[in-house]
Amino acid sequence: MTAVRRELFTRHPENPLLTAEDWPTPVNVVFNPAAVVVGGETVLLARVEALTGISHLTVARSANGVDGWRIAAEPLLTPDAGIESEKWGFEDARAVWVDELECFAITCTAYGPAGPAVYLATTKDFLSIERRGIVVNPEDKNAALLPERVDGKWILFHRPTTGFGVMHPHIALSRSNDLVSWSPPEVVLKPRDGAWWDSLRIGVGPPLLKTEHGWLLVYHGVKETVGGAMYRVGLALLDLEDPTRVLRRGPDWIFGPQAPYERQGDVGNAIFPCGMVHDSSSGELRLYYGAADTSICLATAHLDELLETVLAA
Ligand code: BMA
């Protein structure tokens, strides 16, 4: 009997949920959204690539997180004409509710001539935003803040791509007392070697989820192939008190490009998750991801199954 290889996430039958066609103005693509729940509604903060090639971040809201999306008339975060370090746009937001601050922290990439940098903004409602500016200098991206302090400090996961010997960029974390100045990066998770699915570079997906077993890390891993890069998704579990300690790392990817809308697009074979909503009453996880740098898609899983899988690693 042939073993049936089953992915942990199930694609929503209505995928792709959002494309450029759904936008009120002409745009090239919409992808890689942050995802949170605000007042019972699902709020996505989508990366919108305009017909200039430059991206901004715009909110889409839906009562059920699947359809009936209402797209904001104006971007929430768009490059300011006078600021060099964001002149090529804002990309790939992650958002997390922070009890202590009584607001959501949005981490995204600000892109300018010096390279991509980690940018922080805060909001209470995704209607208006407070710009806090660049918190980690280029080249760095794929950032997510933990929702609470660990050992008295804020923890920011990010992915530096410069520095001596960084050929295969890894996931790092920095610590801060004030969300302004951050400690030098400490290594958390490195790409695996050789032919592994996550051998070229890796980065945090959605903000990490606190569970009784540790911080659940859903990350993207890239493999270089003769056909181009393949972006897939994997799991790791980090120690709650010392998140540089990797308790478990799944060997297999748990979600990879299969559907036509993931295989083909501006950048084919890319699954890039930036938002995950956890329904604590049902245990359901809704993973919102960019498909082929072209559309916004949804896949669901159960937290118990993910934990079971990663704990067995
Ligand atoms: C990464 C980021 C993402 C993008 C992905 C695939 O480096 O720039 O925004 O979705 O590549 O192109």
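Because the structure is predicted, anything quoted here is derived from the model rather than measured.
W23 places a side-chain heavy atom less than 4.5 Å from the side chain of I71. You'll find the side chain of T107 stays beyond 4.5 Å of the side chain of V135, heavy atoms only. Side-chain contact between V30 and R47 is absent, with no heavy-atom pair separated by less than 4.5 Å. E49 has its side chain out of reach of I54: every pair of non-hydrogen atoms, C-beta onward, lies at least 4.5 Å apart. Looking at F157 and L238, their side chains come closer than 4.5 Å, going by heavy atoms from C-beta outward.
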TODO: With ring-ring contact (aromatic ring centres under 6.0 Å, His included) as the test, would you mind laying out the steps for F104 and F126 before giving the verdict?
DONE: CA-CA 9 Å; F104 292 94; F126 287 84; 5.1 Å; yes
TODO: Go through the steps for L217 and I171 under the test side chain to side chain contact (heavy atoms under 4.5 Å, CB included), then give the verdict.
DONE: CA-CA 11 Å; L217 168 63; I171 297 175; 4.1 Å; yes
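Counting only distance, with no hydrogens or angles, the side chain of H168 and the backbone of L200 share a donor-acceptor pair below 3.5 Å. Panel note: side chain W215, backbone L209; no donor-acceptor pair is recorded below 3.5 Å. Looking only at distances, a side-chain donor or acceptor of E7 sits under 3.5 Å from a matching main-chain atom of G256. The backbone N or O of E102 sits less than 3.5 Å from a side-chain atom of K124, completing a donor-acceptor pair.
Using modelled atom types and a 3.5 Å distance limit, the side chains of T122 and R132 yield a donor-acceptor pair. No donor-acceptor contact under 3.5 angstrom links the side chains of D67 and W69, judged on distance only. Checking Y288 against N32 by side-chain atom types alone, no donor-acceptor pair falls below 3.5 Å. Side chains of Y219 and R159: no donor on one and acceptor on the other come within 3.5 Å. Under the 3.5 Å distance criterion, with hydrogens and angles disregarded, a donor-acceptor pair is assigned to the side chains of Y261 and N15. D92 and N142 share no side-chain donor-acceptor pair at under 3.5 Å. Residues S174 and H158 have side chains that bring a donor and an acceptor to within less than 3.5 angstrom of each other.
Between F255 and Y289, the ring planes lie perpendicular to each other; the angle is over 60°, past the 30° to 60° tilted range. Ring planes of W197 and W253: perpendicular class, angle over 60° (limits at 30 and 60°).
G221 and I202 get closest at one heavy-atom pair: CA-CG2, 3.9 Å.
Between F272 and F31, the distance separating the two ring centers is not shorter than 6.0 angstrom.
The pair E86-R131 meets the salt-bridge criterion, with a side-chain N (NZ, NE, NH1 or NH2) lying under 4.0 Å from an Asp/Glu carboxylate O. One finds no salt bridge joining R248 and D239 here, because no Lys/Arg side-chain nitrogen approaches an Asp/Glu carboxylate oxygen to under 4.0 Å. Salt-bridge check for R70 with E41: passed, with a basic side-chain N closer than 4.0 Å to an acidic carboxylate O. The existence of a salt bridge linking E241 and R245 is excluded, since no basic side-chain nitrogen approaches an acidic carboxylate oxygen closer than 4.0 Å.
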